[in-house]
Undergrad: 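Below are the structure tokens for one structure; questions will follow.
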Amino acid sequence: MMIHNGRGLTAGPDDHDDDDAGRDGLRGVGWPEMAYESIRAINHLTNTSLPVPAPVLYDVLGNLKGVGYLLPQALVQLGNGLERSLSVYDVYDHAREPRVSVATAQRLLVEAATKARDLGALLEEAQTTINSQGYRRGNPDPQAQP
Amino acid sequence: MTTTSTASPVWLGRGLSPAQRRAEVTVRGARCVARAEDAVAGIRAVAEATGVGEPMPAPAVYDLAGSLRRVLDQLGAVFGQVGEGLCASLVAPDLYTVYEADTVCDPSVQACRARTQLAAAGRYARLAAECLDEAREAIAGQGYTVAPRPAVPADGGVG
């Protein structure tokens, strides 16, 4: 397992903590797994009839749009690392010439990176769309409203 | 006789007062923001780790691309949901009243526009995930053995 800053890159534990267990539940999982579990938690937290006010969404998107910049970088680098592996390891391929498989995968990783970049741009646009929206506390007693 | 219920909407099997719902929205919102920070930290670490110029053999790329694919799957689902949540915030007068600081804009128009943009972001997440699936498929049959080191002469290369 590849390790970076104390966490793995390619594997995580099989058992997952409950979404409401808090950020401590992420202790010991790999980096991609941490990202996955965090987004899964957002999924769980927003999967209710409760509203998501614009200022909250603005902050969430402010963080998540980072995925649109960092993921493309990671995906392109992944393809480059894969290509480098051909000259370092004795690579075999059951399907075709290893170099052909790597070139195909590299092209698809770049394509995925482009899509992720577009995703990030859309999140930024959505953030701009709601940036002047706010809210005041509603009156809990409807009869008191004018 | 027809009666109209005045009870608070039931949520998770319990009727919550507006104040309780408002508190729940605040707590959940703060958690979402914190989790979004964690998510980006995870992806940033992947970007850093893959950026050091090390070779990445196919099995490792296969696994990592699989993990990132799952991230994209979840993202696709989140965008749709938060877009709906944003629109729901417009029709919760017992909780709060939404306003636009930019008086030219209409809150509901802006919310609908954001929902559309988020839905499109979700589609891109799914498209990126499909590309990762295909990339994994391309290298699924690939493996490696560590290349043998150059033979060292019997005298250890001295003399």
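Lettering follows sequence order; numbering is per chain, from 1. What's counted below: heavy atoms across the whole structure, side chains too, no hydrogens, waters or symmetry copies. All figures in this text were calculated on a predicted structure; none of them were measured in a lab.
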Undergrad: When only pairs under 4.5 Å are counted, which of Ala88(B), Ala111(B), Ala45(B), Ala101(B) shares the most heavy-atom pairs with chain A?
TA: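 If we count pairs closer than 4.5 Å to chain A, Ala45(B) comes out on top.
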Undergrad: Under a 4.5 Å heavy-atom cutoff, which of Ala30(B), Cys87(B), Gly66(B), Gly53(B) has the most pairs with chain A?
TA: Gly53(B)
Undergrad: Between Ser89(B) and Pro53(A), what is the shortest heavy-atom contact and its length?
TA: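 Heavy-atom minimum between the residues: CB-CA, 4.0 Å.
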Undergrad: Would you say the side-chain atoms of Glu100(B) and Ser132(A) include a donor-acceptor pair closer than 3.5 Å?
TA: yes
Undergrad: Report the option among Asn131(A), Thr128(A), Val110(A), Leu123(A) that has the most heavy-atom pairs separated by less than 4.5 Å from atoms of chain B.
TA: Leu123(A)
Undergrad: What pair of heavy atoms forms the shortest contact from Pro107(B) to Gln133(A), and how long is it?
TA: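 Looks like O-NE2, 3.2 Å.
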Undergrad: Are there more than 12 heavy atoms of other residues, nucleotides or ligands under 6.0 Å from atom CZ of Phe79(B)?
TA: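 Result for CZ/Phe79(B): enclosed.
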Undergrad: With chain A, which of Leu118(B), Val78(B), Thr116(B) has the greatest number of heavy-atom pairs at distances under 4.5 Å?
TA: Val78(B)
Undergrad: Please state whether the side chain, the backbone, both or neither of Asn43(A) comes within less than 4.5 Å of a heavy atom of chain B.
TA: both
Undergrad: Looking at Ala126(A), Pro55(A), Ala95(A), which makes the most heavy-atom pairs under 4.5 Å with chain B?
TA: Ala126(A)
Undergrad: Return the option, out of Leu68(B), Leu86(B), Asp73(B), Val71(B), with the maximum number of heavy-atom pairs under 4.5 Å with chain A.
TA: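 Between Leu68(B), Leu86(B), Asp73(B), Val71(B), the count favours Leu86(B).
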Undergrad: Count the heavy atoms belonging to other residues, nucleotides or ligands that lie under 6.0 Å from CD of Glu125(A), then report whether that count exceeds 12.
TA: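 It does: Glu125(A) CD has more than 12 such atoms within range.
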Undergrad: Looking at Ile43(B), Val91(B), Asp133(B), which one has more heavy-atom pairs under 4.5 Å with chain A than the rest?
TA: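 The option with the most such pairs is Ile43(B).
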Undergrad: Quick one: what part of Leu71(A) sits under 4.5 Å from any heavy atom of chain B, side chain, backbone, both or neither?
TA: both
Undergrad: Using heavy-atom distances under 4.5 Å, tell me whether Arg96(A) contacts chain B through its side chain, its backbone, both, or neither.
TA: side chain
Undergrad: State plainly whether the residues Glu33(A) and Arg70(B) are in salt-bridge range, i.e. N to O under 4.0 Å.
TA: yes
Undergrad: Among Val46(B), Val52(B), Thr50(B), exactly one meets side-chain contact (heavy atoms from CB on, under 4.5 Å) together with Gln77(A). Which residue is that?
TA: Thr50(B)
